[in-house]
Amino acid sequence: MKRSLIDILDLSVAELDELIASACDIIDNPAKYAHVCAGKKLATLFFEPSTRTRLSFEAAMYELGGNVLGFAGAQSSSAAKGESVADTAKTVSCYADIIAMRHPKEGAALVAANNASIPVINAGDGGHCHPTQTLADLLTIYREKGGFDNLTIGLCGDLKFGRTVHSLIGAMSRYKGIRFVLISPAELRVPDYVKEDVLDKKGIPYEEVTDLETAIPELDILYMTRVQRERFFNEEDYLRLKDSYILDLKKLTHAKNDLCVMHPLPRVNEISVAVDNDPRACYFKQVLNGKYMRMALILKLLKEAGTI
Ligand code: NCD
């Protein structure tokens, strides 16, 4: 049966476990997977800029022996002529076996999924969610921490527009003993719908603070994020808020020795490059883990659709 991934909560905890096990098997036995998608095509429909997400989807499909087609900007597609997402999804269903789509509008991936006859993977819909970044994040946490329970997770930066944050909160809220420290300027706090529908509903303890330095000592994970310039209504606010938090080696001296520093990237100024050589820096491991999880996801969805 055709199945899409729009929100990370579309996957059960058991399915996440399966995806992680599948990604670990891919890491250990790449040759076993080198031809499983032979003759199949992934379409990457990116209406917004991307480096990691699009290229990791493409690398994932190539490493599974499949092929890739697509576009990397709204201007080079018929969207520039006024074509709807629904029509684009119907069209691409005639050419490909699975779609990965990124779009600036919240809900666009759902519209595509409702109109496509092939699985659609949400590669980011506006400021809403980004489930495959969360898959990368989960494999990273699993490999660094050995599991998901009893973690104090600091999320820092633009928690309002940062879609990776919304998806990660949803995913981590299903494990035991999780506590969030939400570190942001007042204007960039986690949206109410995330607090009400996820944190409050599940009774997850969280606190909202503005200071990174005082929060850092208690954290097991520190997830830094970029201030999402493209979602701001005016440049002035962006300029005022963009450098609210900069993680440097001095701040890290107060952190646990086994802190896991994460960032979905791209980094602008949020983490000083000097931190890259600290063993606690995990953000480039996240990049690699993202490719393996996307391989596992493509396999799962193509199998469920009966394509492979
Ligand atoms: C993130 C995104 O697109 O939401 N990037 C990514 O996919 N790794 C984070 C960001 O752009 O800040």
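The figures that follow rest on heavy atoms only: side chains count, while hydrogens, waters and symmetry mates do not. First listed ligand is number 1; within each ligand, the first listed atom is number 1.
Applying the salt bridge (charged side-chain N to carboxylate O under 4.0 Å, His left out) definition to pairs two or more places apart or across chains, none involves residues 118-143.
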Can R189 and L159 be said to form a side chain to side chain contact (heavy atoms under 4.5 Å, CB included), step by step?
-> CA-CA 5 Å; R189 283 193 189 139; L159 309 187; 5.9 Å; no
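Between D220 and K256, at least one side-chain N (NZ, or NE/NH1/NH2) sits under 4.0 Å from a carboxylate O, which counts as a salt bridge.
With sequence neighbours excluded, the residues that form a ring pair (Phe, Tyr, Trp, His ring centres under 6.0 Å) with H103 are F47.
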What are the polar N/O contacts of ligand 1 with the protein below 3.5 Å, with distances?
residue  : atom   : partner : partner atom : Å
ligand 1 : 3 (O)  : R102    : NH1          : 3.4
ligand 1 : 3 (O)  : R102    : NH2          : 3.1
ligand 1 : 3 (O)  : R163    : NH2          : 2.9
ligand 1 : 4 (O)  : R163    : NE           : 2.7
ligand 1 : 5 (N)  : L265    : O            : 3.0
ligand 1 : 7 (O)  : T53     : OG1          : 2.8
ligand 1 : 7 (O)  : R102    : NH2          : 3.0
ligand 1 : 7 (O)  : H130    : NE2          : 2.8
ligand 1 : 8 (N)  : Q133    : OE1          : 3.1
ligand 1 : 8 (N)  : P264    : O            : 2.8
ligand 1 : 8 (N)  : L265    : O            : 3.0
ligand 1 : 11 (O) : R226    : NH2          : 2.8
ligand 1 : 12 (O) : R226    : NE           : 2.8
ligand 1 : 12 (O) : R226    : NH2          : 3.2
ligand 1 : 12 (O) : Q228    : NE2          : 2.8

Return all side-chain donor-acceptor pairs below 3.5 angstrom for residues 31-39, not counting sequence neighbours, or 'none' if the list is empty.
residue : atom : partner : partner atom : Å
K32     : NZ   : D25     : OD2          : 2.5
Y33     : OH   : D25     : OD2          : 2.5

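Side-chain rings of F148 and Y175 approach one another, their centers coming within less than 6.0 Å.
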